[in-house]
Novice: 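Attaching a single structure in structure tokens format; questions to follow.
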Number of protein chains: 2
Amino acid sequence: MVKATTTQQDWVDAAYSAFLADGLAAVRVEPLARVLGATKGSFYWHFADRAALVGAVVERWEAQETDAVIALAEAGGTPAQRLEALFGAVARMRRTPATALLYTQAAAEGVGDAVRRVSQRRVDYLAGLLVELGHGPDEARRRSLVALATVLGLQQLEHVGLDALDDPGLVPTALAMVLAEPLSRP
Amino acid sequence: MVKATTTQQDWVDAAYSAFLADGLAAVRVEPLARVLGATKGSFYWHFADRAALVGAVVERWEAQETDAVIALAEAGGTPAQRLEALFGAVARMRRTPATALLYTQAAAEGVGDAVRRVSQRRVDYLAGLLVELGHGPDEARRRSLVALATVLGLQQLEHVGLDALDDPGLVPTALAMVLAEPLSRP
DNA sequence: ACCTGAACACCGTTCAAGT
DNA sequence: ACCTGAACACCGTTCAAGT
């Protein structure tokens, strides 16, 4: 039995695949219509415009990010173990163009809010760990912000051809930088 | 005396302004033609295609970046003073959307090489300072890579609405993280 | 209710024709 | 040598018309 109609889900599924492969810019109505064997007119029955589809894609991304953070938090262990697990996950993450592209595309595509919420959640989780490890709340927040920025920046460098994530000594270095005691400045 | 013709320089100037304001995506032939009071046909006399204009824009950006690094290096002082100056410059840099957008757009726009060269030069400069400050070359390179990534990532977070660079304690924190002695891991 | 097909706008690209 | 203006392709968007 062949599917009779193209559902809203079909559009989001196809758009999400395109997003994972090539970022939000790849979420385009006409090419997706070709992939789905539908017309653009069909798309505009299910969605108000392209922005609505982009919104649905980012909503799905946000939900999966939230699940991932919760899974990390529930994995348990000591704060130090959870920090190790977090850095391990980051080290394994590597080349996912979608995420590397997302932050700069977010504002232009009108989904900056969702990306900001996800970022905040990540910073909060890491800051919680650092507080458990004995840092003060302000210092913990700053270090977490810097750590997230580092991960995002390394993905960008990777994306531009600097094989930053290949260096096996880099993640330990970053870990040390996040954990280290603050220096008194000269 | 009114200028008779639209020169190649005029196109690059207009394109560079658009780039500084809104990133490479804003380098578009037809809107620039409107701004310059010329036709698209005129553009295609001076340039092979839009990619050539984007290339010229990034070339100018690369040249100015190089000048900036050289100026920093020639400023002199002790390595610690130069490091302070570098972080001060970064702290003052703040909201330049163009740079924040550039890294993710670079690959798609075919100018990844120029961006990679600029990144490499920045890392090399900082790593040199860290070596002068007593770090080993590998550790210095890793810390420099992480530091550049941090700056790029903070720009992205800023761009998405997390007021990361507003926190006055953040740059000292980042400085401490770059300078700190490596930890032995647990 | 859901879709097609044609239309229009926007921008990249080409090119014959003008000066 | 340099430019105009019209044409085409691509994709977002609208809509009358079909089932």
Side-chain angles (χ1 to χ4, degrees), chain A residues 1-59 98 101-102 105-112, chain B residues 1-59 98 101-102 105-112:
Chain A
M1 146 171 43
V2 186
K3 96 172 136 35
T5 65
T6 308
T7 69
Q8 204 165 338
Q9 272 303 314
D10 293 333
W11 284 101
V12 178
D13 289 346
Y16 197 68
S17 296
F19 160 66
L20 290 182
D22 298 305
L24 283 182
V27 176
R28 282 178 304 165
V29 177
E30 194 170 274
L32 290 174
R34 272 197 294 269
V35 167
L36 292 169
T39 62
K40 299 187 277 182
S42 163
F43 171 82
Y44 284 94
W45 171 259
H46 293 291
F47 298 88
D49 50 23
R50 177 181 170 277
L53 182 59
V54 169
V57 164
V58 173
E59 211 169 289
L101 297 166
L102 187 54
Q105 294 176 338
E109 297 277 16
V111 293
Chain B
M1 147 173 37
V2 185
K3 98 175 137 32
T5 64
T6 308
T7 70
Q8 205 166 338
Q9 272 301 316
D10 293 333
W11 283 101
V12 178
D13 289 346
Y16 196 68
S17 296
F19 161 66
L20 289 182
D22 298 305
L24 284 182
V27 177
R28 282 177 303 165
V29 178
E30 195 169 273
L32 289 175
R34 273 196 294 269
V35 167
L36 292 170
T39 61
K40 300 187 279 183
S42 164
F43 171 82
Y44 284 95
W45 170 259
H46 293 290
F47 298 89
D49 50 22
R50 178 181 169 276
L53 182 58
V54 169
V57 165
V58 172
E59 210 169 289
L101 295 166
L102 186 55
Q105 293 175 339
E109 298 278 15
V111 293

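Letters A, B, ... mirror the listed sequences (proteins, then strands); counts begin at 1.
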Novice: Looking at residues at least two apart in the chain, or sitting in another chain, which of them share a side chain to side chain contact (heavy atoms under 4.5 Å, CB included) with B/A14?
Specialist: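 Per chain and number, B/A14 pairs via side chain to side chain contact (heavy atoms under 4.5 Å, CB included) with B/L32, B/L36.
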Novice: Is any side-chain heavy atom of A/L102 closer than 4.5 Å to a side-chain heavy atom of A/F19?
Specialist: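 Side-chain contact under 4.5 Å: yes.
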Novice: What one-letter contact string describes nucleotides 12-19 of chain C from 5' to 3', where B marks a base within less than 4.0 Å of any protein heavy atom, S marks contact via sugar-phosphate atoms alone, and - marks no contact?
Specialist: BBB-----
Novice: Could you provide the dot-bracket string of DNA chain D, using ( ) for intrastrand pairs, [ ] for crossing pairs and | for bases paired to another strand, with Watson-Crick or G-U pairs below 3.5 Å?
Specialist: ||.|||||...|||||.||
Novice: Please check the phosphate of D/dA1 (OP1 and OP2 only) for any side-chain N or O of B/H46 closer than 4.0 Å.
Specialist: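 Checking D/dA1 against B/H46, no side-chain N or O comes under 4.0 Å of OP1 or OP2.
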Novice: Quick one: A/Q8 CD to C/dA1 C1', roughly how many Å, whole number?
Specialist: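 Taking atom C1' of C/dA1 as the reference, CD of A/Q8 is at 13 Å.
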Novice: Specify the separation, in whole Å, of atom CZ of A/F47 and atom C1' of C/dC3.
Specialist: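 In whole Å, C/dC3 C1' lies 15 Å from A/F47 CZ.
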Novice: Minimum heavy-atom separation for B/G55 to B/V111, with atom names?
Specialist: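 What the structure gives for the nearest pair is CA-CG1, 4.4 Å.
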Novice: Sequence neighbours left out, cut at 3.5 Å: what donor-acceptor pairs do the side chains of residues 43-51 of chain B make with other protein atoms?
Specialist:
| from | atom 1 | to | atom 2 | distance (Å) |
| --- | --- | --- | --- | --- |
| B/H46 | NE2 | B/T6 | O | 2.8 |
| B/D49 | OD1 | B/A51 | N | 3.3 |
| B/D49 | OD1 | B/A52 | N | 3.2 |
| B/R50 | NE | B/V27 | O | 2.7 |
| B/R50 | NH1 | B/E109 | OE1 | 3.0 |
| B/R50 | NH2 | B/L24 | O | 3.3 |
| B/R50 | NH2 | B/V27 | O | 3.4 |
| B/R50 | NH2 | B/E109 | OE2 | 3.0 |

Novice: So, using salt bridge (charged side-chain N to carboxylate O under 4.0 Å, His left out) as the criterion, who are the partners of B/E30 when residues are at least two apart?
Specialist: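 Here the qualifying residues are B/R34, B/K40.
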Novice: Would you mind listing every side chain to side chain donor-acceptor pair (under 3.5 Å) that reaches into residues 15-29 of chain B, with sequence neighbours excluded?
Specialist: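 Listed once each, the pairs are B/Y16-B/Q64.
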